[in-house]
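On a predicted model such as this, the values are computed, not experimentally measured, just so you know.
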Amino acid sequence: MHSVIFKAQLLVIVPRVLLYITPLSRDRRVRLLVGIVVLSAPLCTAEPLRVAVASNFQGAFAAVETGYSGEVVATYGSSGLLYAQIVQGRPFDVFLSADQARPRTLVAAGKARGLVVYARGRLVLWANHGVPGPSWLTADKRVAIANPETAPYGRAAVEALAELAAAPRRITALNVAQAFHFARSGAADGAFVALAQILAQEISADRYWIVPEELYAPIEQAAVVVRSGAEAAAQAFLARLASDEMQQLIRQAGYR
């Protein structure tokens, strides 16, 4: 941002200075001014980086985004819906999915490149009342679950319920953010969500149960650079995401 402001100031100051440089002919002054405008244009018209972010990563993304030198516009949603939007042509530069399957499919189709696994998610059961755990999941409990067809955390929740032979009343949400909202508002007695969401809201440890990872397939969250006009900036953003500093922040947020 500071470099853009500096360039804009140059466009105002330099033409005035050139008027007083008598050794230069009028034509040379014009050519010099045009050169300055051309060199300044890319910075002055720089577009923000458009990032599609899986809902579970919303809190952690705020920390990752802090300190980034450019402007970022994030769109949050379930991985499946964001993937569908990319396939349909919605312009994104980076896709941070909650799984590996969809980013790999985009790479195979030539729509993305540079796949990076940036986090491993952890599933938790959050209960509004009672002691959360396998015995809490009785038939009378209303449990919010992200749509397993589009949300990896929803898929993991279904797998865990099958392993536990538990059959609570399911309330299907669009994504884990909505599942979290259903439980918080009382529309559900509890919800399967990401540990990162629980930590971000500072929910008491006695209100949630970390689901053992052997009960569901690993939630390997991958990111890719989407084919666009900002691939260099997108690749730099992914490199930053994979850096030791950012990985430490991501682990602190509740990921492995």
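Residues Y153 and P148 form no side-chain contact, since every pair of their non-hydrogen atoms from C-beta on lies 4.5 Å or further apart. In this structure, the side chains of V224 and V107 come closer than 4.5 Å at one or more pairs of heavy atoms. Proximity of V176 to Q197: side-chain heavy atoms (C-beta onward) are separated by under 4.5 Å at one or more points. Using a 4.5 Å cut-off on side-chain heavy atoms (C-beta onward), L137 and L164 make contact. Counting heavy atoms from C-beta on, the side chains of V73 and L49 never come closer than 4.5 Å. You'll find the side chain of V158 reaches within 4.5 Å of the side chain of R170, heavy atoms only. Between Y216 and V211 the shortest side-chain heavy-atom distance falls below 4.5 Å. In this structure, the side chains of V64 and T66 stay at 4.5 Å or more apart for every pair of heavy atoms.
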**OP:** For side chain to side chain contact (heavy atoms under 4.5 Å, CB included), just list the numbers for F92 and V51, CA-CA rounded to whole Å, side-chain angles, deciding distance to a tenth of an Å, and then say yes or no.
**Re:** CA-CA 6 Å; F92 286 114; V51 186; over 6 Å; no

Subject >> Derivation of the side chain to side chain contact (heavy atoms under 4.5 Å, CB included) call for Q221 and Q100 >> reply: CA-CA 6 Å; Q221 303 196 187; Q100 285 198 58; over 6 Å; no

Original post:
Given the rule in the side chain to side chain donor-acceptor pair (under 3.5 Å) test, do Y255 and N56 qualify, once you have shown the distances and angles that lead to the verdict?
Top reply: CA-CA 10 Å; Y255 298 89; N56 73 89; 2.7 Å; yes

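Side-chain atoms of Q178 do not come within 3.5 Å of backbone N or O of N175 as any donor-acceptor pair. Judged by distance alone, the side chain of E163 and the main-chain N or O of E159 form no donor-acceptor pair under 3.5 Å. With Y83 contributing its side chain and T150 its backbone, the two residues share no donor-acceptor pair below 3.5 Å. In this structure, the side chain of Q235 does not engage the main chain of G114 through any donor-acceptor pair within 3.5 Å. A donor-acceptor distance shorter than 3.5 angstrom exists from the side chain of R142 to the backbone of A187, with no hydrogens or angles considered. Under the 3.5 Å distance criterion, the side-chain polar atoms of S79 are matched with a main-chain donor or acceptor of A98. Checked by atom type and distance alone, the side chain of W136 pairs as donor or acceptor with a backbone atom of H129 at under 3.5 Å. Between the side chain of R251 and the main chain of M246, no donor-acceptor pair closer than 3.5 Å is present.
Relative orientation of the F61 and F237 rings is tilted, given thresholds of 30° and 60° on the angle between their planes.
Taking CZ of R227 as the reference point, atom CG of L106 lies at 11.0 Å (rounded to 0.5 Å). E65 CD to R240 CZ: the interatomic distance, rounded to the nearest 0.5 Å, is 9.0 Å. Here the CG atom belonging to D99 is positioned 10.5 Å from the CZ atom belonging to R104, to the nearest 0.5 angstrom. Atom CG of L123 and atom CD1 of I219 lie 5.5 Å apart (nearest 0.5 Å). Here the straight-line distance linking atom CD of Q85 with atom CZ of R90 works out to 4.5 Å at 0.5 Å rounding. For the atom pair CZ of R102 and CG of L81, the computed distance is 8.5 Å after rounding to the nearest 0.5 Å.
In the hydrophobic cluster analysis, where Ile, Leu, Val, Met, Phe, Trp and Tyr join through side-chain heavy atoms closer than 4.5 angstrom, L82 is grouped apart from V53.
Across all non-hydrogen atoms, the minimal contact from V87 to K111 is O-NZ, 4.3 Å.
Using a cutoff of 4.0 Å between basic side-chain nitrogens and carboxylate oxygens, E213 and R256 are scored as salt-bridged. For the pair D189 and K141, the salt-bridge criterion is not met [side-chain N within less than 4.0 Å of a carboxylate O].
F180 belongs to a hydrophobic cluster whose other members, connected by ILVMFWY side-chain contacts under 4.5 Å either directly or through intermediates, are V124, W126, V193, L195, I198, L199, I203, Y208, I210.
A side-chain N or O of S228 and one of D93 form a donor-acceptor pair less than 3.5 Å apart.
Y118 has its ring centre less than 6.0 Å from the ring centre of F57.
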